[in-house]
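The structure appears below as structure tokens.
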Amino acid sequence: MQRQNGRERQFQWFAGAAIALAAFAALAREDSPAPSVDALAAAEDGTGCADRLRALLAAQRWPLPGTHLRAARCLVRAGDTAGALAEVRHAIDHPAFREHDNLVADPDLAPLHESPEWPGLVEQASSKAALPEPMGSGVHIAYMRRHPPRAPPRGLLDRTGPVNVVLVVWVAPDASPAQVDVEESSGFAEVDARAVAAAGKWRYLPAHAGGETFGYPMRIPVRFDP
């Protein structure tokens with residue numbers, strides 16, 4: 001009975017975290033699950049930053065606009081105008097893009113203003129500014145409660161106390177969990193595996209904008225108590 005109460009306490013905390021995630025208000029701006037992205041975008045070595053961000057984009061199933069714009073900033077510093085413009089175009093083409101004002105005012109992208117392609121990109125971005133904000137994204141709380149992670153093996157966490165696993169769930173356009181990755185490990189492979197298995201059973205909310213659905217990454221923290 002004591003163990004079951006601990007599980008319930010765990011999921012009271014976890015459900016609260018998921019409710020906050022379901023809002024996902026900054027979908028088009030802070031989209032990448034990789035904590036190193038901002039550090040890469042701020043790197044002095046523009047070429048190295050661009051190469052690593054391109055690798056990140058290639059690895060992501062459904063990169064969102066903010067990741068493309070970070071790549072564009074790196075490519076500008078690397079002197080690759082054509083590459084930077086291509087990444088800006090990818091960002092604007094995404095259904096969730098609503099960042100016209102930030103795009104135009106971004107000092108890191110100012111060198112692109114001299115390009116013949118820039119006015120057309122700004123016009124395209126402006127045409128999307130008045131569209132409704134992207135909707136959806138998140139996880140159904142009822143399914144989280146119905147399919148909680150299995151409790152850690154008895155005694156495994158006695159010396160460590162509570163541990164956390166941070167997952168990245170790649171939610172497909174049909175709202176199914178296409179892939180579940182461990183972004184931050186608990187330090188116990190068995191605990192990580194139980195969190196991944198549970199997340200693969202949950203149901204997620206489809207993200208949509210302008211009548212079009214799209215895939216997205218979702219970061220989910222999971223806490224395990226002894």
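These numbers come from the heavy atoms of this one structure, side chains and all, not from hydrogens, waters or symmetry mates.
- If you take CG on Leu121 and CG on Leu85, they are separated by 6.5 Å, rounding to the nearest 0.5 Å.
- Residues Asp181 and Leu167 are not in side-chain contact: their nearest non-hydrogen atoms beyond the backbone lie 4.5 Å or more apart.
- For the atom pair Ser126 OG and Asp101 CG, the distance stands at 8.5 Å (nearest 0.5 Å).
- In this structure, the separation between CG on Leu205 and CE on Met218 is 7.5 Å, given to the nearest 0.5 Å.
- Here the side chains of Thr67 and Arg70 are in contact, with some heavy-atom distance below 4.5 Å.
- Each salt bridge (Lys or Arg N to Asp or Glu O under 4.0 Å) pair with one or both residues in residues 113-122, not counting sequence neighbours, appears once here: Arg89-Glu117.
- Under a hydrophobic clustering in which Ile, Leu, Val, Met, Phe, Trp and Tyr are joined whenever their side-chain heavy atoms come within less than 4.5 Å, directly or via other members, Val76 and Val104 fall into the same cluster.
- With rounding to the nearest 0.5 Å, the separation of CD in Glu123 from NE2 in His100 is 9.5 Å.
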If you look only at distance, which donor and acceptor atoms sit under 3.5 Å apart when one is on a side chain in residues 185-198 and the other is two or more places apart or in another chain?
residue : atom : partner : partner atom : Å
Ser185  : OG   : Gly187  : N            : 2.9
Ser185  : OG   : Asp192  : OD2          : 2.5
Ser186  : OG   : Phe188  : N            : 3.1
Ser186  : OG   : Phe188  : O            : 3.2
Ser186  : OG   : Asp192  : OD1          : 2.8
Glu190  : OE2  : Arg194  : NE           : 2.8
Glu190  : OE2  : Arg194  : NH2          : 3.0
Asp192  : OD1  : Ser186  : N            : 3.0
Arg194  : NH1  : Ala151  : O            : 2.2

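- With rounding to the nearest 0.5 Å, the separation of CD in Glu99 from NE2 in His94 is 13.0 Å.
- Side-chain contact between Pro177 and Trp202 is absent, with no heavy atoms from C-beta onward closer than 4.5 Å.
- For the pair Leu112 and Trp118, the tightest heavy-atom approach, listed with the atom from each and the gap, is O-CB, 3.3 Å.
- In terms of heavy atoms, Arg150 sits closest to Phe224 at O-CE2, 3.6 Å.
- The shortest side-chain heavy-atom distance between Gln179 and Val168 does not fall under the 4.5 Å cut-off.
- In terms of heavy atoms, Pro173 sits closest to Pro206 at O-CB, 4.2 Å.
- Between Ser176 and Asp174, the shortest heavy-atom contact is OG-OD1, 2.7 Å.
- Hydrophobic clustering, with ILVMFWY side chains joined whenever heavy atoms are under 4.5 angstrom apart, groups Val180 together with Ile220.
- Side chains of Val222 and Asn164 form no contact here, defined as non-hydrogen atoms less than 4.5 Å apart.
- Of all heavy-atom pairs between Leu75 and Glu87, the closest is CD1-CG, 3.7 Å.
- Ala178 and Ala172 get closest at one heavy-atom pair: CB-CB, 4.2 Å.
- The CD1 atom of Ile92 sits 8.5 Å away from the OG atom of Ser127 when rounded to the nearest 0.5 Å.
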